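These notes concern the structure reproduced below.
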Amino acid sequence: MHTQGKKIKIFSGNSNPELAQKICSELGIPLGDATVKTFSDGEISVNIGETVRGADVFIIQSVSPPLVNKYLMELLILIDALKRASAGRITAVVPYYGYARQDRKAKARDPISAKLVANMITKAGADRVLTMDLHAAQIQGYFDIPVDHLVGSPILSEYFIDKKIEDLVVVSPDLGSVTRARDFADRLNCSIAIIDKTRPEANVSEIMNVIGDIEGKNVILIDDMIDTAGTITNGAAALREMGAKEIYACCTHAVLSGPAIDRIKKSEIKELVVLDTIKLADDMRVKNITELTVSRVFAESIRRIYNNDSISTLFD
């Protein structure tokens, strides 16, 4: 990567060092020397092993399971350490933005934790945030610093285009994901259907009806994230009952907590395609889960931020 003038430095916490290495490989620069450890009492220790004075610094760290709060603190302490070391500009590269589902007051006395996290990242000293597929796009407005919001659907759609699946319908797993499903269907040049469901309590979903023609069709369920996999597997079962043929699913963020992997293995889903914004544990790498990398789009975005070029044209 051409780096005349102001230096560029990339550092990583412990949430997804493999992704950080891939991004650095795409850019042709080494990963910065930073040691992030935990003391025996649980406190986090950060040591930056090289000068960053005046540099354009990027910290790659998802706020993701299995150690959401630890990884958040690692990010905040890394930002603080780099700020105090006189970094020229600090960009928090957060492929998966944890707490994004707590984006509003659903009932009295609820916190808005997504806003709290935004405040902490800003207060720690970040000058910019680069993230992908926020659960609610309006979270960008929670920040008082620039936010570059990437989308994962071009990577996922390219994969399915290459598979050349016939008689295809893209299915939204709920009413809230219709816009995402419509955009994905436009990329694949196919129709959409919608699953209408109720959610009696958190992480529990109940299928009610399917709006659209999926009988005798191959279908792709798409969502921004899959957590316990109840929504996606119940949706797949409902689609099978209504006559769907092969059932695929895809998402940007593979949270996959609790019973998710067991549900996916036993489900009607032929293949689940995910992106590597969250590091998959070894026991999550089962035969019907395919992982694609976001390293190229993040590397190109970092290159454009460094060169003060447009990021929006990436998706034109």
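No experiment lies behind these values; they were computed from the predicted model shown.
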Salt bridge present between [X] and [Y] (N-O < 4.0 angstrom):
| X | Y | value |
| --- | --- | --- |
| Lys22 | Asp276 | yes |
| Arg182 | Asp186 | no |
| Lys7 | Glu50 | no |
| Asp144 | Lys123 | no |
| Arg180 | Asp133 | no |
| Arg303 | Glu26 | no |

So [Y] and [X], do their side chains get closer than 4.5 Å, heavy atoms only?
| X | Y | value |
| --- | --- | --- |
| Pro95 | Met132 | no |
| Arg304 | Thr313 | yes |
| Tyr96 | Pro65 | yes |
| Leu280 | Leu256 | yes |
| Tyr159 | Cys250 | no |
| Val273 | Tyr248 | no |
| Asn16 | Tyr71 | no |

Neighbour count >12 (heavy atoms, 6.0 Å) for atom [atom1], [X]:
| X | atom1 | answer |
| --- | --- | --- |
| Lys37 | NZ | no |
| Lys105 | NZ | yes |
| Asp162 | CG | yes |

Inset, instruction - Using the side-chain contact (heavy atoms from CB on, under 4.5 Å) rule, pick out the option among Asp283, Asp282, Ile289 that qualifies with Arg285. - result: Asp282
Inset, instruction - Take Asn47 and Thr35 through the side chain to side chain donor-acceptor pair (under 3.5 Å) test and state the conclusion after the steps. - result: CA-CA 5 Å; Asn47 180 260; Thr35 303; 5.0 Å; no
Inset, instruction - Is it possible for you to say whether Ile305 and Leu19 belong to one hydrophobic cluster, with membership spreading through side-chain heavy-atom contacts below 4.5 Å? - result: yes
Inset, instruction - Please answer: with hydrophobic residues joined when any side-chain heavy atoms are less than 4.5 Å apart, are Val63 and Ile77 in the same cluster? - result: yes
Legend entry - Working for side chain to side chain donor-acceptor pair (under 3.5 Å), residues Ser177 and Asp174: CA-CA 6 Å; Ser177 299; Asp174 53 40; 3.0 Å; yes
Inset, instruction - Provide the closest heavy-atom pair for Glu268 versus Ala237 in the form atom of the first, atom of the second, distance. - result: CG-CA, 4.2 Å
